[in-house]
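First the structure, in the form of structure tokens, and then the observations on it.
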Amino acid sequence: MADPKGFLTTGREVAKTRPVGERVKDWNEVYVPGSLLPIISKQASRCMDCGIPFCHQGCPLGNLIPEWNDFAYREDWTAASERLHATNNFPEFTGRLCPAPCEAACVLGINQPAVTIKNVEVSIIDKAWDRGDVTPQPPERLSGKTVAVIGSGPAGLAAAQQLTRAGHTVVVYERADRIGGLLRYGIPEFKMEKSHINRRIEQMRAEGTKFRTEIEIGRDIDAAKLRRRYDSIVIAAGATVSRDLPVPGRELNGVHFAMEYLPLANKVQEGDLTVTPITAEGKHVVVIGGGDTGADCVGTAHRQGAASVTQLEIMPRPGEDRNANQPWPTFPMLYKVTSAHEEGGERVYSVSTTHFEGDEDGNVQSLHLIEVEFKDGKLEQKAGTERVIPAQLVTLAMGFTGTDQANGLVQQFGLDLDERGNIARDKDYATNVDGVYVAGDAGRGQSLIVWAIAEGRSAARGVDRFLTGVSALPAPIRPTDRSMMV
């Protein structure tokens, strides 16, 4: 193990963020550059090298956390990077974006602050890139088999890299103009700078993966044509249909889905736009939805110069400590203050939007809400609690309901759906159509980036076995596995 007394002598210390007044003026990542390396070896020493490391159970990738903690403590960065990549294709993504169910399952977290697993992870991979330890791994020989991957989010990229390294010729199709899926256009630059995606794409290109952008399967290429062209297909199109809010006034100008608002801000950072056509500048902004996507809208609005930002959540405010009905090592629902929340704005819980009001030109101007409470398992409005708040820009960040069916992909392939509207698959991630597999949110439903990567790796094994009869690729999870939650 690392330091046998590390968890007794060293307290938890996390990455330092830049001052709020400084970071809201730019779009760079919020953390102080280089602030982790001076402290990370000591933080890694807090790992107890448990007899049963429950962090493995918390992480669907099965990351070898005690092992790379030990190497980080000893500053053996090459070995740490090797163990990190043994289970995770893109640790720089998860180290920045994952909510860390591994930390919720950390044994030390039973009675002390958990090990800073995410910070150790991102330190190892950033050091690996700086040292040149991350290099292309092209296959020794080609199989002669071809695979199309539909979607370039974390599930599609993970599947593509695994299958390319197994010797298959892989082409990734992406309907947007750049590779990355929601990593590219759904995650703001201040949470993850897109240079991290770009260098992974270059690594994958050097390994042999091919990429085709601005091609939407179902619209630009018919599914039947794709099936004739490739030996196998992986659908990793995500769950991109946003949950709507069907209340009076929804049609007013200025009421947008989060995934209409956020990508435009990212396109400004990419240099495609000088200014975004949907901006928060000088406006009273209301974000409906209390999750991570809502927080991304909050941080984006701050950087665009909003007059005020209010985030609404229909559920009660979570507590700051574990509830008795959410025991370790399950992932608890806790009150979370993200970097975006540190930057200002108001958070309002247990409220529901009743309708919007607009001006004579059809622009939203205000939002009517009412307090709600749960009674006998049902959500009820509290009479006499109605109020009106100013709203000149409203973003709907209430999650996603499933994969896009309007483009014809599901119908053209003839895919079966499960009871939740996701694409159905068997234990090997195979759909009802021979040779067609599904990975990520398109089959699982809205989930976390770490589950998407795990699904991409697992589906790759199913495809590899279908193409060759056997497979040495890992499959960290089954399609039926779920997070440790109660």
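None of these values were measured; they are calculated from a predicted model.
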So Leu157 and Phe90, side-chain contact (heavy atoms from CB on, under 4.5 Å) or not? Walk me through it.
-> CA-CA 9 Å; Leu157 292 179; Phe90 314 117; 3.7 Å; yes
Glu67/Ile65 under side-chain contact (heavy atoms from CB on, under 4.5 Å): CA gap, chis, key distance, verdict = CA-CA 5 Å; Glu67 294 184 35; Ile65 295 165; over 6 Å; no
Test side chain to side chain donor-acceptor pair (under 3.5 Å) on Thr213 and Glu174 and set out the steps.
-> CA-CA 5 Å; Thr213 57; Glu174 169 57 53; over 6 Å; no
How far apart are the C-alpha atoms of Leu334 and Glu320, what are their side-chain angles, what is the distance that settles it, and do they pass the side-chain contact (heavy atoms from CB on, under 4.5 Å) test?
-> CA-CA 5 Å; Leu334 300 177; Glu320 298 185 15; over 6 Å; no
Audit row: Arg131, Asp133, salt bridge (charged side-chain N to carboxylate O under 4.0 Å, His left out) steps and yes/no = CA-CA 5 Å; Arg131 289 166 50 89; Asp133 289 337; 3.1 Å; yes
Can Arg184 and Asn198 be said to form a side chain to side chain donor-acceptor pair (under 3.5 Å), step by step?
-> CA-CA 10 Å; Arg184 174 73 65 180; Asn198 296 339; 2.8 Å; yes
CA sep, side-chain torsions, deciding dist, call: Phe331, Gln326, side-chain contact (heavy atoms from CB on, under 4.5 Å) | CA-CA 7 Å; Phe331 190 70; Gln326 295 176 341; over 6 Å; no
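For the residue pair Pro476 and Ser458, the shortest heavy atom distance occurs at CD-OG, 3.1 Å. Across all non-hydrogen atoms, the minimal contact from Ser123 to Leu37 is CB-CD2, 4.5 Å. Nearest approach of His196 to Phe93, heavy atoms of both residues: O-CE2, 3.8 Å. Nearest approach of Tyr73 to Ser41, heavy atoms of both residues: CD1-O, 3.5 Å. Scanning both residues, Arg18 and Asn28, for their nearest heavy atoms gives NH2-O, 3.2 Å. Taking each heavy atom of Arg387 and Ile389 in turn, the nearest pair found is NH1-CG2, 4.0 Å.
With values rounded to the nearest 0.5 angstrom, Leu8 atom CG is found 9.0 Å from Asp3 atom CG.
Defined by atom type and a distance below 3.5 Å, a donor-acceptor pair is present between the side-chain atoms of Glu121 and Thr94. In this structure, a donor-acceptor pair under 3.5 Å is present between the side chains of Trp451 and Ser483. Using modelled atom types, one finds a donor on one side chain and an acceptor on the other under 3.5 Å when comparing Arg457 with Asn89. Side-chain contact, Glu357 with His368: a donor N or O sits under 3.5 Å from an acceptor N or O. Under 3.5 Å, the side chains of Arg12 and Asn119 contain no donor-acceptor pair of N or O atoms. For the residue pair Gln304/Tyr261, the side-chain donor-acceptor check at 3.5 Å is satisfied. A side-chain donor from one of Tyr185 and Asp177 sits under 3.5 Å from a side-chain acceptor of the other.
Using a 4.0 Å cut-off between charged side-chain N and carboxylate O, Glu29 and Lys191 make no salt bridge. Between Arg96 and Glu193, no side-chain nitrogen of the basic residue sits less than 4.0 Å from a carboxylate oxygen of the acidic one, so the salt-bridge criterion is not met. A salt bridge is defined here as a Lys NZ or Arg NE, NH1 or NH2 lying under 4.0 Å from an Asp or Glu carboxylate O, and Arg347 with Glu313 fails to meet this definition. Between Lys336 and Asp292 there is a salt bridge, since at least one side-chain N of the basic residue sits less than 4.0 Å from a carboxylate O of the acidic one. Residues Glu343 and Arg23 are paired through a salt bridge, judged by an N-O separation under 4.0 Å between the basic side chain and the carboxylate. Between Lys194 and Glu189, at least one side-chain nitrogen of the basic residue sits less than 4.0 Å from a carboxylate oxygen of the acidic one, meeting the salt-bridge criterion. Using a 4.0 Å cut-off between a side-chain N of Lys or Arg and a carboxylate O of Asp or Glu, Arg83 and Asp76 do not qualify as a salt bridge. Here Glu202 pairs with Arg205 in a salt bridge; the nearest charged N to carboxylate O distance falls below 4.0 Å. Salt bridge status for Arg425 with Glu455: present, with a side-chain N to carboxylate O gap under 4.0 Å.
Remark: Ile52 CD1 is loosely packed, at most 12 non-hydrogen atoms of other residues, nucleotides or ligands lying under 6.0 Å away. For Asp321, the CG atom is loosely surrounded, since the number of other residues' heavy atoms within 6.0 Å does not exceed 12.
Relative to the ring axis of Phe190, Arg303 places its NZ or CZ within 45° and under 6.0 Å from the centre.
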Could you pull out every donor-acceptor pair under 3.5 Å between side chains of residues 370-381 and any protein atom, sequence neighbours left out?
none

Got a list of side-chain donor-acceptor pairs under 3.5 Å for residues 237-250, not counting sequence neighbours?
from, atom 1, to, atom 2, distance (Å)
Thr240, OG1, Arg175, NH2, 3.3
Arg243, NH1, Met398, O, 2.8
Asp244, OD1, Arg250, NE, 2.7
Arg250, NH1, Val255, O, 3.4

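Although no hydrogens or angles enter the test, the distance criterion places a donor-acceptor pair under 3.5 Å between the side chain of His56 and the main chain of Asn63. The backbone N or O of Arg444 lies less than 3.5 Å from no partner atom in the side chain of Asp441, so there is not a single donor-acceptor pair. At least one donor-acceptor pair closer than 3.5 Å links the side chain of Trp328 to the backbone N or O of Ala105. Side-chain atoms of Thr353 do not come within 3.5 Å of backbone N or O of His355 as any donor-acceptor pair. Between the side chain of Arg478 and the backbone N or O of Ala475, no donor-acceptor pair lies under 3.5 Å. Between the side chain of His85 and the main chain of Glu82, no donor-acceptor pair closer than 3.5 Å is present. Not one N or O on the side chain of Thr10 forms a donor-acceptor pair closer than 3.5 Å with the backbone of Phe7. Side chain of Thr310 to backbone of Glu346: no donor-acceptor contact under 3.5 angstrom is found. Remark: the backbone N or O of Gly399 is not paired with any side-chain donor or acceptor of Gln446 at under 3.5 angstrom. With Ser45 contributing its side chain and Lys42 its backbone, the two residues share a donor-acceptor pair below 3.5 Å.
A 4.5 Å side-chain heavy-atom check between Leu183 and Met192 finds at least one atom pair inside the cut-off. Inter-residue side-chain proximity for Met259 and Leu182 is flagged as met; some heavy-atom pair is nearer than 4.5 Å. Side-chain contact between Trp68 and Trp77: absent, with no pair of heavy atoms (C-beta onward) separated by less than 4.5 Å. Side-chain contact between Val234 and Val438 is absent, with no heavy atoms from C-beta onward closer than 4.5 Å. Contact annotation: the side chain of Arg178 approaches that of Asp272 to within less than 4.5 Å [non-hydrogen atoms, C-beta and beyond]. At least one side-chain heavy atom of Leu36 sits under 4.5 Å from a side-chain heavy atom of Val122. Counting only heavy atoms from C-beta outward, the side chains of Trp129 and Arg199 approach each other to under 4.5 Å. Side-chain contact check for Ile288 versus Leu367: some heavy-atom pair is nearer than 4.5 Å.
Residue pairs meeting the side chain to side chain donor-acceptor pair (under 3.5 Å) criterion with at least one member in residues 273-287, sequence neighbours excluded, are His284-Ser308.
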